[in-house]
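Every chain is numbered from 1 and lettered A, B, ... according to where its sequence line falls, protein lines coming before strand lines.
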Amino acid sequence: MITAERKPLEEIIAYVRPFDRILLVGCNECVTVCAAGGRKEVGILSSALQMAFLKQGKNLQVKEHTLERQCDPEYVEELSSMIDGADAVLSMACGCGVQEVARRYRDKPVFPAVNTTFMGASERQGVWAERCQGCGDCLLGITGGICPIARCSKQLLNGPCGGSTHGKCEISPDVDCAWQLIWDRLKALGLENRYEEIIPAKDWRTGRGGGPRKIIREDLAE
Amino acid sequence: MKTDSVLEKVLSSGKLAVTSECGPPRGAAVDKVKKKAEMLKGVVDAVNVTDNQTAMVRMSSFAAGVFLRQMDLHPILQMVTRDRNRLAMQADIIGAYAHGINTMLCLSGDHPHFGDHPTAANVHDIDSIQFIQMVRQMRDEGTFQGGAEIDQPPKMFIGAAANPFADPFELRVARLAKKVAAGVDFIQTQCIYNLDKFEQWMEGVCARGLHEKCPILAGITPMKSAGMARYMKNKVPGMDVPQELVDRMAGVPKEKQAEEGIKICVESMQRLKEVKGVAGFHIMAIEWEQKVSEIVEKAGLLPRPTV
Amino acid sequence: MKPFEPVIVAFCCHYCAYTAADMAGSQRRCYPPNVRIVRVPCSGKVDTIHILKAFEKGADGIYVAGCLDGDCHFKNGNIRASRRVASVKGLLDEIGIGGERLEMVKISAGMGDRFADIAEQMTEKIRKLGPNPIHAARTAA
Amino acid sequence: METIERFQTRNKVLVVGGGVGGIRTALDLAEAGRDVVLIDAANAIGGLMTHLDRTFPTNNCDLCTISPNMSEENRSRHIDLMTLTRIIGLEGAAGDFTATLSTAPRYIDLTRCTACGECRRRFPECVDFSPGLDHRAPTCMRYPQATPQAFSIDLARCKDKQALAACCPAGAIVLDDAESRRQMRFGAVVMATGAGIFDPSALDNFNYGKDPDVVTSLEYERILSASGPTGGRLVRGSDGKVPEKIAWIQCVGSRGLQKGAAPYCSSVCCMFALKEAIVTKERFADQIDTTVFFMDMRTFGKDYEQYYQRSRDEYGLRFVRSRPHSVMRRPGEDRLTVTFAPYDQSVVKEEGFDMVVLATGFAVSEEMRKTAEALGIELNEHGFAKTPGFNPVATSRQGVYVCGMFESPKDIPETMIQASAAACRAAALVAPVPAKGVEAPEGEMAEDELEPFPPERDVTGEDPKVGVFICECGENIGGVVNVQALAKDAGSLPGVETAEVLGYSCSREGMKKIQERIRELQLNRVVIGGCSPRTHELQFQDTIRRAGLNKYLVEIANLRDQDTWVHLDRPAEAAANARALIQAAVSAVKTARPLTEHLLPMNQDVLVVGGGVAGMTAALRLADQGYQVFLAERRSMLGGIANLVRKTLEGDDVQAFVRDLIDRTLAHENLQVITSAFIVDHSGMPGMFKTGMQVGPQMFYRQINHGVTIMATGALPNRPSAYLLGEHDAVMTQLEADALIEEDSDRVAAWENVVMIQCVGSRIPENPNCSRICCQAAVKNALRIKELNSEARVIVLYRDMRTYGFQEDYYRKAREKGVIFARYETDALPQTEAAGDRVLVTFTDPILGRTLSVEADALMLSTGFVSDDESTEDLAAIFKLPRTSDGYFLEDHIKLRPVDLPAPGFFVAGTAHAPKSIKESLSQAEAAAGRALTLLARESINLGAAVARVDDSKCAACLICVRVCPYGVPFINADGYSEIDPAKCHGCGTCASECPAKAIDLMCFEDDQILAKLNGLLERMVA
């Protein structure tokens, strides 16, 4: 899923300051699951903003609404009935959702309330970790199911570097060395031999190297 | 001979090679490079010129290397994959070669996390092994990594680093094998303090015959003080400093510690000379270049051969 | 001018803290009238939004009172509550209300005296901090 | 106490003694629908446990933790409590007893007493008030009769009786109160009088009672307790200093170790001394040295051995195996001197300590003797109630049962087991009282009890019409705040139809008035301004339900306990607070929704898994009470391990017992035995379980529907390969020896030398716990060998002899008969080697300090039990039951719920729970049956209303609820939404507060209700 974290309140306040009526929009997908922008966080941010402005003597009106999915136009359409009552939109969705709202309501300022962080998995309750960078050419089949692009600090495809210590990355003892994990997994699978095959330099065109990407499923696209 | 590299010549003569390094200044104070280089003249066969070492901005290794070359020293151009993509790297390689630099060291580089630009983007378009492959391809096939032909290809003698002490230890020989397979010509190792472990690694290296395909220069760094020993032991990732060594440094009075560090360094070199597969030494006397000649001399490696 | 009398909301878990509050009463243990108790089944039930809304409504201080460590009737609700309170304190700092107006306390059912002591300490602390700035701004406006 | 007169019928049970055992029995019976009269000679219930600070081995304040989820209504409906009451005579026979009860005067009319405490304030010397003694009582004993109204007066100490009577604002002090006697009829009697504590002041060598720094363990417990005399500060009596070195002396008053000491072992003292020392270490770490002087460390209970190991390895307790001679203070010395002789040295040593704690054992109390006399039941030689070998809670008089310390010294879990067992036996003699609304046999009940609930009025769509009733509660509220003004104020709140003052809302008249007003004014919400909802919510819920309103439409403002009692001297503040509380309650009640309690029909059949003695006993007890029982046994025959045992330590014939038990089991019409049955699947919830099994050689699949499950799958005799076991014919386990002694007595009689080794395969890293039964097995076999050949030399090599309770008698007897007991240390294990037909055993005698060798004709290894790991692992997975690390089923609460498994509707009995003797297994089997009765008595399963509910349309299936639920209840269903089974939800609300989609609400505590309450509390400020 896509993970995100709420922006510092101060930054959000700066966006919202010029306005009196705000439509605060949550999303019931990824950002709900990673506890950044679901109905609950919308409620919390709404209350926090109102108090922060009250303290400055301003009565900020906040209308809360959480969409099923903010990156689909049909859902975003739901906002049309309330958009006129707001001077600006504050979105707690990932960057996709923010842009979808901005695209649909072009004359309404839209601000992000979260920082979209990464594509990750939930390691346990309350902990999410990066797993994928969407490079468009998945290597997991040859790296034992662990991605060196997303999980090695240096994106080494032929790691590990000399900084690997006790299974941890040189940048922090809290970060696992991806290549240690790859090696352990290759061993567990009896594929140690595969390690010495040199993985060639990557074709980054499938990733961001090729400019903004688009998927068109001919059979589905209208 | 693949190249005109002096280092290649020394190594192929079967004599123990000696290299050292020279960190470019953090600014345009070119005199500082020259001063450091002067101390190494006639003492070592070639001099590594570091590339934004520890992710701190310095004068580019290419530019500093050109100064060294002008002083008739033999620079080893260090280049990291952290800061440039493959286009920039190939461009600099050609340029350096055109300036008479024919030896280089292919590295991935320290993470920006450690340096003075922690917010910098981390390029890593290719990794160090792919880097070696690329330089080898430029030299031997005369083509760019993208496949186009090169007009006067750079004939680089290609080096790489190896850290025998990092984890997982069992992968360390295999990783060296990958570098050899990628086409590396020589190896400089991380500083060696844990000689037992190094010998263990070398056994593995020799068992696979890698030392025959690629000469290995043992990395040496003299310690200036017990404090430095402790720092290296505890703070530097991938460094293996045995406690005995720290204790030995701490066991002598402060003013004698530097001397003790040199002594340890020389003792290590004497022992390493006997280790099968060691083809020379890479002496990294960080900001202590004036001691290199003393070390090389005490290790019985002077005068340097002329090739 | 009358001295500032803060209003303090205490979210008390049914099994320990609320019982302790009753116990303080049955022992006729006096504590400041500033404290107003809201009963919840478990301190783990106290939601961030409940705390924020209470401040929004003008509470000057809030504490969440759960069972002693290891004694939660629902195993670990009090531990969750502690962690939540710690995070809401951060948010209160961001808002400008001040995290120190919120506390987590742990009391066993029999500690009537401790309940009263905490009520006193909390009242004293909030009295020193002065009125909830939101409320103050609102009344000034 | 008017209810007593109302039920003049023999259809109830008398429980004598209100300690934890008696309370457990009474609660079990009440939950099983039986009427109970619980009497206690003291002025409040609670017994010994309420004196304890924390209990082993969890070191928690356990009473706080459990406060059981039972229906409180059952308690108040079925239990009548009579304090200050003794039984002085019992006529008649089982099923129809007449008991004479004597109640000492309390001098307080409890129906009038408001517990205002005025009398105690004015006359502290003669008014007793006990809840202060136990700060935890309220959570576990929260039914109205036991709560704080436990004032009583000792008139003899009062100097001015008239002034005392006059000081009561409620006029509740009755000076002419006198001892009253009454005769009541009962179907059965349970004795739970507990035991006394040995008084060490009779011993002149320990200086107890003379030196303030020598205390008993119970006194030490009080010193540690937050509610104790020192407020929880650990200080010594002599100078108020914190001690730095504390010694515990074990076996004071037990094992015949001192003049006047009881000959038996008190069973519990080792553990409580360890607990006290550990708690001391927990609180003071290295500041206090703790030393335990002991003879044998008897940590034989479930996981107790590991507790012992931890106490030494993790907490650093010091253990000195010795028998201290004396404790004294040399003139002028700060410290006490303990003189002792280490058991393996013949020297006397001295050591100084700041404090000495005497681990005093239990003794027969005067209360016990008197009661036994009144009941005409037989006592054993030590003065405890005599029980037959295979009938663990039966006394010599039919229909009179016993539990707890009155039967023998024991700890809390075992008391709890016996209490439930006694409840099971007593329940068999009295019929359940029909539930409300069901037609009762004529004359059994007073009329108003039978009045059915009127149909519930549908209030949806109506605007809130709130009735506010403010209780004066005599002076308690009315004396502090102006209730009329409060009512007037409340009347002005939006939505409030009427606001009125009542004298006592909880009185019969008060409740009647509330009901009338609901009907007259068509009120649809009610607020009571009175005392704590903890004590009175149920009552008011019942009140409005009887007036046709859903019971969840009432809200209580706690004006008394949390306002007027607190702000007695500040009427203005009290009034302001009261207004806020009422306003919050009104605001909240307006958002209250009518809720349905989920009811499901109860399947009253029982599945017992395991056909050993425990399984059969549990099955028979329930079948006897008319329930259909399925008994599934994995093997092809019944009997389990008991088939292998010939004699008990007491000499009872096990085979005869097992044969009879099997015959009765197979013959019972309500009992279906399914042998060769392998359980393969399971689903459902209490009251509607489905369990699938494959049966017989053909493995036919069969599914059983049942309401409760009893796990009695047993353990396995351990047979480690050690000491030539299985390699040499002379080496055998105690179990094999037991059979051999019975079957080949000639061979046994010819033995000259017999060696026994204890703790083989137990108390070792691979199996860290004690197997509990091996010490008694060794003593049993040693005595039988001595009986066959008094010349035989029997040597028992042991680590600690754990002959707890009355087993100590046999241990002593064995020593008297010349059996040699020699200790060995784990670092010097006995050595064995074959020597022809014999086995050469070499060991070090620590007292002689010499290595000895014996050529043994027989070497008997005390190998004990191991869990049936394979079967408990499978069953644990199928039934979702947790296990201990050594493979036994883990009970719900190690102290207070030793028979209940954590999965509701599951109970455990016998060695599947932990190693235990046959008698102990039988006791737990009856307890499991007793606990099962509490569920089986229900016609339907009430799932309550305070449960979490998921709104599918909001759920993001994020799994957060699944992860945070402390009970693992939520799951993502086939539709992809979180689902919370109301039957399993405990109602903590954690999921609701963590749900990032705000898709979960906890009924009764919905977010809008909490916010409305906050609005009400803070409204005036915003205005």
query = Would you say the side chain of A/Tyr105 lies within less than 4.5 Å of the side chain of A/Val110, judging by non-hydrogen atoms?
reply = no
query = How long is the span from the CG atom in A/Leu60 to the CG atom in A/Asp20, to the nearest 0.5 Å?
reply = 7.5 Å
task = Hey, could you give me each pair passing side-chain hydrogen bond (donor to acceptor under 3.5 Å, both in side chains) that has a residue in residues 80-94 of chain C? Not counting sequence neighbours.
result = A/Arg6-C/Glu94, C/Arg80-D/Glu994, C/Ser82-C/Lys106, C/Arg84-D/Ser993, C/Arg84-D/Glu994, C/Lys89-C/Glu103
request  = Return yes when atom CD of A/Glu5 has more than 12 non-hydrogen atoms of other residues, nucleotides or ligands closer than 6.0 Å, and no otherwise.
outcome  = no
remark   = Checking heavy-atom separations under 4.5 Å from chain C, one finds in residues 34-52 of chain A A/Lys40, A/Gly43, A/Ile44, A/Ser47, A/Ala48, A/Gln50, A/Met51, A/Ala52
ask   = Ignoring hydrogens and geometry, is there a side-chain-to-backbone donor-acceptor pair from A/Thr32 to A/Cys27 under 3.5 Å?
value = yes
key: Contact listing (chain A partner; residues 44-54 of chain C; heavy atom under 4.5 Å)   = C/Asp47, C/Thr48, C/Ile49, C/Leu52, C/Lys53
task = Evaluate the side-chain proximity of C/Cys12 to C/Arg39: yes if any heavy-atom separation is below 4.5 Å, no if none is.
result = no
task = Indicate the ring-plane relationship of A/Phe19 and A/Phe111, choosing parallel, tilted or perpendicular according to the 30° and 60° boundaries.
result = tilted
query = Can a salt bridge be assigned to the pair C/Asp113 and C/Arg29 using a cut-off of 4.0 Å between side-chain N and carboxylate O?
reply = yes
key: SB check A/Arg21 A/Asp84 (cutoff 4.0 Å)   = no
message = One thing to verify: whether C/Glu100 and C/Lys128 come together as a salt bridge, which I'm taking to mean a side-chain N less than 4.0 angstrom from a carboxylate O.
response = no
request  = Hey, can you tell me if C/Phe115 and C/Tyr31 have their rings parallel, tilted or perpendicular (30° and 60° cut-offs)?
outcome  = perpendicular
Inter-residue atom distance A/Cys147.SG - A/Gln155.CD, 0.5 Å rounding = 8.5 Å
message = Using a 6.0 Å cut-off, check whether atom CD of A/Glu10 has over 12 heavy atoms from anything other than its own residue.
response = no
key: Residues in residues 67-74 of chain A near chain C [non-hydrogen atoms, under 4.5 Å]   = none
